[in-house]
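First listed ligand is number 1; within each ligand, the first listed atom is number 1. These figures come from a predicted structure and were not determined experimentally.
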Amino acid sequence: MLRGVTTLPPVSEMEAAYLRRDPDYDGIFFMGVRTTGVFCRPTCPARSPLPKNVEYFPDPASAVSAGYRPCKRCRPMSLVNQPDWAAALISEVEADPNRRLRESDLRARGVDPATVRRHFLKHYGMTFQAYSRARRLAGAFTTIRNGSPVDDAVLESGYESPSGFREAFQRTFGVAPSASPGQDCVRVAWLPSPLGPLVAGATSEGLCLLEFTDRRMLEHQFETVRRLFRLPVVPGTNSHIEQAQDELARYFEGRLTEFTVPLLYPGSDFQRRVWTELLRIPYGETRAYHEIATELGDPAAVRAVGRTNGLNRIGIVIPCHRVVNKGGALGGYGGGLRRKQFLLDLERGHRPPTLGGLFDA
Ligand SMILES: [Zn+2]
């Protein structure tokens, strides 16, 4: 979830604050340490990280969504007057992020799922399910973010052994984090954006994945990519990811209106027709779901168009954000309505709200 338009203090101020462990900044910002994948309060008693390895977040949800896990010493997820059951749930997830706690598990622990949901939304800006999902993916995110060779990633990820790391990666991507020399693979990289980090994936033939890291669909998309391409998934980059990164930077500056990075978007015949139709919506314009359906010669397929729009794996570049409800209301967006509004404002030449510093990974 994008956490509003909160502006963080200047980086120099936050840097000075954490280096002197200033309690006045507790709750004002949280700091993620790229090399360890851990996030802390500015007052953390552990050894202070080098400023070049730190990125800043306005709240725990943003840090968790970016793949950081809470520090065991300064416990940035704990609250004043936190109910015991909430602390217990967080400890349980932290002890084993890969164990999925379902609603029935919550009830078995004597807590009402609706109460859990409200509590997490209110205090962390994300549901317990979103928090759990982000924690499941955190190990893989840390590796992708660092983009380093597997052995280095193991050392820095906090996994005690290469096999522990391989298991975590494998749970997310279904494959071990390596490829034989010369074999094609899906490279996955971490791209910063003003709207929060993106995960990009590309084979040697083109870009096949571009998703916000906090998107509910992400785990599903990883599985789909793996199934569709039958290739190993490996952290790293290639020329298509570099091109996408360059084009996205210019897009967010309002200097690029058309992406030229090659795209791969296999799917059913209907899905491919919808996604191709999305690519034809010009920059700065929008279409309603029923207009897309009519364009495809099947005016009754509005719902199917909406569903397929939501299954788009290459966000921003295949502009599913340009599809709105009849009458112009925003409609849905997998990445959240704030992001959709931001992208549409950007393309209409309106100056989008400042989100600077929020996710300057
Ligand atoms: Zn800490």
Side-chain angles (χ1 to χ4, degrees), residues 3 6 8-84 86-98 119-120 123-126 128 130-146 148 152-160 164-165 168 190 192 196-197 213-214 357-361:
R3 305 289 300 131
T6 325
L8 285 166
V11 169
S12 55
E13 185 181 331
M14 293 189 286
E15 193 178 302
Y18 90 72
L19 288 172
R20 64 172 187 267
R21 299 190 171 85
D22 190 334
D24 287 351
Y25 286 81
D26 194 17
I28 304 290
F29 71 88
F30 296 83
M31 40 194 282
V33 185
R34 289 192 184 92
T35 45
T36 59
V38 168
F39 78 99
C40 287
R41 300 173 184 274
T43 50
C44 184
R47 191 162 60 89
S48 294
L50 293 175
K52 73 174 166 68
N53 293 330
V54 172
E55 64 181 315
Y56 299 93
F57 300 96
D59 47 46
S62 309
V64 169
S65 298
Y68 287 96
R69 61 185 186 279
C71 171
K72 288 189 175 123
R73 293 192 64 183
C74 63
R75 306 174 56 163
M77 298 283 288
S78 73
L79 306 163
V80 183
N81 298 326
Q82 188 164 40
D84 290 344
L89 283 181
I90 292 173
S91 308
E92 200 167 343
V93 170
E94 292 308 323
D96 182 6
N98 296 298
H119 178 84
F120 271 76
H123 294 287
Y124 302 115
M126 71 200 309
F128 177 67
Y131 160 69
S132 306
R133 188 172 55 244
R135 294 293 298 109
R136 282 201 294 282
L137 293 171
F141 279 174
T142 300
T143 325
I144 302 172
R145 189 173 45 241
N146 288 323
S148 34
D152 293 351
V154 173
L155 290 175
E156 296 187 349
S157 65
Y159 286 94
E160 278 154 23
F165 168 80
W190 189 265
T213 56
D214 56 358
L358 245 187
F359 292 101
D360 55 348

Which protein N, O or S atoms does the Zn ion (ligand 1) have within a distance shorter than 2.8 Å?
-> C40 SG, C44 SG, C71 SG, C74 SG

So do P49 and M31 actually touch side chain to side chain, heavy atoms under 4.5 Å?
-> yes

Backbone of K52 reached by a side-chain donor or acceptor of R34 within 3.5 Å | yes

Quick one: which of Y18, F39, Y25, Y56 gives a side chain to side chain contact (heavy atoms under 4.5 Å, CB included) with F30?
-> F39

Partner of E94 under salt bridge (Lys or Arg N to Asp or Glu O under 4.0 Å), picked from K72, R135, R75, is R135

Are the side chain of T213 and the backbone N or O of S65 linked by a donor-acceptor pair below 3.5 Å?
-> yes

Examine Y68 together with F57 and report whether their ring centres are nearer than 6.0 Å.
-> yes

